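A short write-up of the structure that comes next.
Side chains are part of it too, since the values below use all heavy atoms of this structure and drop only hydrogens, waters and symmetry mates. If you're wondering where the values come from, they're calculated on a predicted model, not measured in any experiment. In this chain, numbering begins with 1 at the start of the sequence shown. Start at 1 and go down the list; that is how both ligands and their atoms are numbered.
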Amino acid sequence: MDREYYLSLIKGRMSERRYIHSVNVAKAAVQLAERYGGDKEKAELAGILHDCCKEIPKEEMLQIMLDGGIILDDVEKSSSKLWHSIAGSVYARDTLGIRDEDILNSICYHTTGRAGMSLLEKIIFTADFIGEERTYDGVEIMREKAFKNIEDAMLYGLQFTFADLSRRALPIHTNALGCYNEITINLTKKGS
Ligand code: DGI
Ligand code: FE
Ligand code: FE
């Protein structure tokens, strides 16, 4: 993996703040891959690239998705915050030539999660919450959970996101609900 190449590529597409976030997510992703026996190289690359389309103009995000043959559902149409992950995976595939489906899916589903996530997808979803620069209330609990039981950490992250979305009366994506339901059903099975 040409780490330096991808780092300079994303650096040219985002603010210093977002660049630092991306580097930190990549670092956390490598640590989680170490902890859970995932592929460290893929984790690092997916972490570096996960927000590669976060700060481009919305029209460009829409154009990338259109060119990539993506059809947005109603929640995606109404929530532009969900565009950068989908556009990011299309950009990684069609412009950067990344062929690894697991890396592309990790970028695509890093914001919402989904049911049936691979280990790499879980790692990127979780790493996004625990990068060094994150300071929200509960970040220390999230960091602890992330290395103890990744699904517990994901549930904690989803609870945080759902509370925020529902307080602001924003729609919750079905992939996020699918992710939440799968984890809670697994917990219920273990508990009963
Ligand atoms: O790109 P980051 O800031 O690092 O983090 P992210 O990709 O997790 O994006 C977080 C944003 O995505 C935050 O504003 C909430 C929003 N989001 C996450 N899940 C959903 C959502 N927005 C809607 N409407 N529905 C969701 O299910
Ligand atoms: Fe993101
Ligand atoms: Fe991020």
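- Within the 4.0 Å heavy-atom cutoff, Pro171 counts among the residues contacting ligand 1.
- Ser85 pairs in a side-chain hydrogen bond (donor to acceptor under 3.5 Å, both in side chains) with only one of the listed residues (Thr112, Thr111, Asp128), which is Thr111.
- Atom CG of Asp137 has 12 or fewer heavy atoms from other residues, nucleotides or ligands within 6.0 Å.
- If you check which protein heavy atom lies closest to atom 9 (O) of ligand 1, you get Thr111 CG2, 3.6 Å.
- Remark: side-chain polar atoms of Arg99 are paired, donor with acceptor, to backbone N or O of Arg93 under 3.5 angstrom.
- The residue from His50, His21, Glu76, Lys81 that puts a heavy atom closest to atom 13 (C) of ligand 1 is Lys81.
- The protein heavy-atom contact nearest to atom 21 (C) of ligand 1 is Leu82 CD2, 3.7 Å.
- Within the 4.5 Å cutoff, the side chain of Asp39 has no heavy atoms near those of the Asp102 side chain.
- Here the side chains of Thr174 and Val75 are not in contact, with every heavy-atom distance at 4.5 Å or above.
- Using a 4.0 Å heavy-atom cutoff, Arg18 is listed among the residues neighbouring ligand 1.
- Remark: Lys54 engages no residue in a side chain to side chain donor-acceptor pair (under 3.5 Å) (not counting sequence neighbours).
- When only non-hydrogen protein atoms are considered, atom 3 (O) of ligand 1 lies nearest to Lys54 NZ, 3.1 Å.
- The residue among Asp128, Thr161, Ile107 with a heavy atom at the shortest distance from atom 8 (O) of ligand 1 is Asp128.
- Between Tyr136 and Phe160, the ring planes lie tilted relative to each other; the angle falls in the 30° to 60° range.
- Neighbours of the Fe ion (ligand 2) restricted to protein N, O or S atoms under 2.8 Å: the count is 3.
- For atom 27 (O) of ligand 1, the closest non-hydrogen atom on the protein side is His173 N, 2.8 Å.
- Heavy-atom distances between Arg134 and ligand 1 reach below 4.0 Å in at least one pair.
- No side-chain N or O of Glu182 forms a donor-acceptor pair with one of Asn186 less than 3.5 Å apart.
- Closest heavy-atom approach to atom 22 (N) of ligand 1 within the set Asp51, Leu177, Leu165, Leu158: this belongs to Leu165.
- For the side-chain hydrogen bond (donor to acceptor under 3.5 Å, both in side chains) test with His84, the passing option among His50, Lys58, His110 is His110; the others fail.
- Under a 4.0 Å N-O distance rule, the pair Asp100/Lys42 qualifies as a salt bridge.
- By the 4.5 Å heavy-atom criterion applied to side chains, Asn105 and Leu120 are not counted as neighbours.
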